2 protein chains.
Amino acid sequence: MSGIDPQSLMNELASRARLAAIRLAGMASAKKAEALRAAAAAIRADSAAILEANATDMASGRENGLTAALLDRLRLDAGRVEAMASGIESVAALADPVGQVIDRAERPNGMVLTRVRVPIGVIGIIYESRPNVTADAGALAFMSGNAAILRGGSEAIHSNRAIHAALARGLDEAGAPAHAIQLVGITDRAAVGAMLQSEGLIDLVVPRGGKSLVARVQAEARVPVLAHLDGINHSYIDGAADPAMARDIALNAKMRRTGICGATETLLIDRAFADPAPVLAALADAGCELRGSAEIRAIEPRAVAADEADWDTEYLDSILAVKLVDGLDEAMAHIAAHGSHHTDAIVTEDAARAERFLAGVDSAIVMWNASTQFADGGEFGLGAEIGISTGRLHARGPVALEGLTTYKWVVRGTGQTRP
Amino acid sequence: MSGIDPQSLMNELASRARLAAIRLAGMASAKKAEALRAAAAAIRADSAAILEANATDMASGRENGLTAALLDRLRLDAGRVEAMASGIESVAALADPVGQVIDRAERPNGMVLTRVRVPIGVIGIIYESRPNVTADAGALAFMSGNAAILRGGSEAIHSNRAIHAALARGLDEAGAPAHAIQLVGITDRAAVGAMLQSEGLIDLVVPRGGKSLVARVQAEARVPVLAHLDGINHSYIDGAADPAMARDIALNAKMRRTGICGATETLLIDRAFADPAPVLAALADAGCELRGSAEIRAIEPRAVAADEADWDTEYLDSILAVKLVDGLDEAMAHIAAHGSHHTDAIVTEDAARAERFLAGVDSAIVMWNASTQFADGGEFGLGAEIGISTGRLHARGPVALEGLTTYKWVVRGTGQTRP
């Protein structure tokens, strides 16, 4: 595949995507759903070919010394292929936001204004080793009426090509534009750079992957980016918290799954909270390394010393920074200084304090008496999500189909001219 | 004012703005409105000082050979100062979007989710010679709960300082954070560059001015930009248009005011439209230069020849490109190829064709049987607008208070943990 200029390739992909996007924008919801079901059927039909391609990637991965964790992300089996197909069907079953009327007004001169949801256009999606993102992200973009240009990890190129071939055949068989979901077929790393420079050709880039990928995309992009860099999430146990609830929420928020962006990374405990010991003991019993001050270590002897860097670290691991604070204001100040505007929670029985926290903490998601692990589009009832955004514009928090749309103003008059 | 490093200054302004924004975000609507009314009163009280400062700018402007048009934009008089004050009062009377609940859902596990409008944060506004933007844009940002950093043209620096001093005093007297509206006090052009590089410190930049300003901002910004570059707007007279309505709309869309971004720049006429001559005659009679093909010149002898560049030109003048097309599809294809996604209109009595146009034309504003000159936040009932956006994300078309907000997810639970 050498000899292809990445920017020329991207221009070519983007111009085909634009044409597909124009057709997609006018396609009825039922027709889009039907095309996605055909794509899911094609994935199932191609299962053997997809697994064979994946075996090639796995063999190269082993040769190239990929870690066990990376190989696990890369690996497909019959169950994972079926999960891709049924995931596409789930997206096909979601309510289509396109065409939804956001609001309507009639002006004194008789003009009727509506704001109507329309697709964004062409969306670039950059991801790493998991081949299922090819299907998941492609389906989400398609159902919301957008053309997708997918750029997966080079280590998954054969898997991605096989999955993409099935998707494109399914769409085509259902009469949908096959270029609505395109894969960047070259592994040249410069293709990512080309995508990020495609101002005006690509309307939005969504990086799905680790912090280094997101950081590179945010640093280089001339195209709008929807992403979050960090999930340095806090759970604050207020003095008026119910002790058992505080223990259960802290344990779940940290330990249910430590590697997801909604996991709590810092536990703040009000000095007025009567019962911190059982909370910290439950965490330590579950295998969590606690990092805190001498005061914390006096409460829970298994805790180790924290240093300043701990307040700014997203561990994504069984490690928790723990800090005692003097009430709500200090907790909120700590979150303002160290948080990443992702998800922060308060545990308290005091409604007034809870409302002050919910209003005053400037994060995409703020919670009262719930685990930060709920920070997820599916848990929010949005269906599958394309990602979680900590950016302040357009879409914040879990981004699903609606976040992949924009709107236009539609004005219906009867000959009005402006005085 | 030399010796100040522009990036250090911007960092300082932005960090004061952030603190003000945090206070503003929690301020009640009535309190914000009261502070703005105090700012309006301070503008009135300082009228003499503002006019004196403006006289200084006008004298320098004349010395520096500013054009008559620029001098007119720069000039203040008692009426214009009063208009600024009453403009601020109008903004204070607008409905506050902050705190508005966008939607609400209860999850099966009992968690209640609401999406609530919150301010964006810190907004940079870059403008040219009109000193009234200092008051207008500052008031819009303030009412929507955002801290503003204003950077006006260097030719208006004395006027802007005087207006800003009055605003800040008014806010302060009403107990609002005076740093909610800050002015970049240096005229160093590098200050604009510093603002555009202030990623993470400034959340949004709004350029208000001509195309060269907007183009520079879009090219250099590492911060999201809300703007439109061009308003190459089309009015399409369909074969089924009412002839008198077509004439009135075309005349108004082009000639009511030629210098605004909603003015029509290209008139497309269906060859099936029976009566193009009176439309073109009315435009020529009104002093509009018509540019078109030999076919057009045969219909209206005062028309001159168009070349290819005419289809891509925003004249902002009494000039109109005119083209005959074979029906709706050719009109839509022309708009897709040459439009700027701002405002495009169809004139027709055929509802099915109108709906096809409204759905298929990918512009921020699409209109049926109305003049493109209505493309304006005030005309849309939004109150004053900060600008019109042709970007696809966040806000599209006229952007007023709501477009200066974002949202957060608020989750209220009763101890839920994620299974």
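Because the structure is predicted, anything quoted here is derived from the model rather than measured. All chains are named by letter (A, B, ...) in the order of the sequence lines, taking the proteins before the strands, and each is independently numbered beginning at 1.
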Contact summary for B:P224 and A:L393, nearest pair of heavy atoms: CB-CD1, 3.3 Å

Chain B contact via A:A345 - which portion, at a heavy-atom distance below 4.5 Å: neither

pair B:F374-A:N109: side-chain heavy atoms closer than 4.5 Å: yes

Counting only non-hydrogen atoms closer than 4.5 Å, does A:L382 touch chain B with its backbone (N, CA, C, O), its side chain (CB onward), both, or neither? side chain

Side chain, backbone, both or neither: which part of A:V116 has a non-hydrogen atom closer than 4.5 Å to chain B? neither

Student check: side-chain heavy atoms of B:I22 and A:D362 closer than 4.5 Å: no

Measuring only between side-chain heavy atoms, which start at C-beta, is A:S363 closer than 4.5 Å to B:W409? no

Between B:R412 (side chain) and A:W368 (backbone), is there a donor-acceptor pair under 3.5 Å? no

Which atoms of A:V410 are under 4.5 Å from chain B, going by heavy atoms: the side chain, the backbone, both sets, or neither? both

If one checks every heavy atom of A:E106 against chain B at 4.5 Å, the contacting part turns out to be neither

Please classify the contact of A:A25 with chain B as side chain, backbone, both or neither, using a heavy-atom distance under 4.5 Å. neither

Does any heavy atom of chain B fall under 4.5 Å from the side chain of A:E379, the backbone, both, or neither of them? both

Heavy-atom proximity to chain A below 4.5 Å, by part of B:T414: backbone

Between A:K408 and B:G397, is there a donor-acceptor pair closer than 3.5 Å when you use the side chain of the first and the backbone of the second? no

Flag side-chain contact, heavy atom, 4.5 Å: A:Q416 against B:N369: no

Under 4.5 Å from any heavy atom of chain B - which part of A:L358: both

B:R392 backbone acceptor or donor facing A:T406 side chain under 3.5 Å: yes

A:R115 versus chain B, heavy atoms under 4.5 Å apart: side chain, backbone, both or neither? side chain

The interface call for B:A105 against chain A, heavy-atom contacts under 4.5 Å, is neither

When you measure from the side chain of B:R418 to the backbone N and O of A:Q373, does any donor-acceptor pair fall under 3.5 Å? yes

At a heavy-atom distance under 4.5 Å, which candidate from A:P398, A:G360, A:A253 has the highest pair count against chain B? A:P398

Measure across B:S371 and A:T417 and return the closest heavy-atom pair with its distance rounded to 0.1 Å. CB-CA, 4.0 Å

Examine distances only and state if a side-chain atom of B:R222 and a backbone atom of A:R222 form a donor-acceptor pair shorter than 3.5 Å. no

Quick one: what part of B:A395 sits under 4.5 Å from any heavy atom of chain A, side chain, backbone, both or neither? both

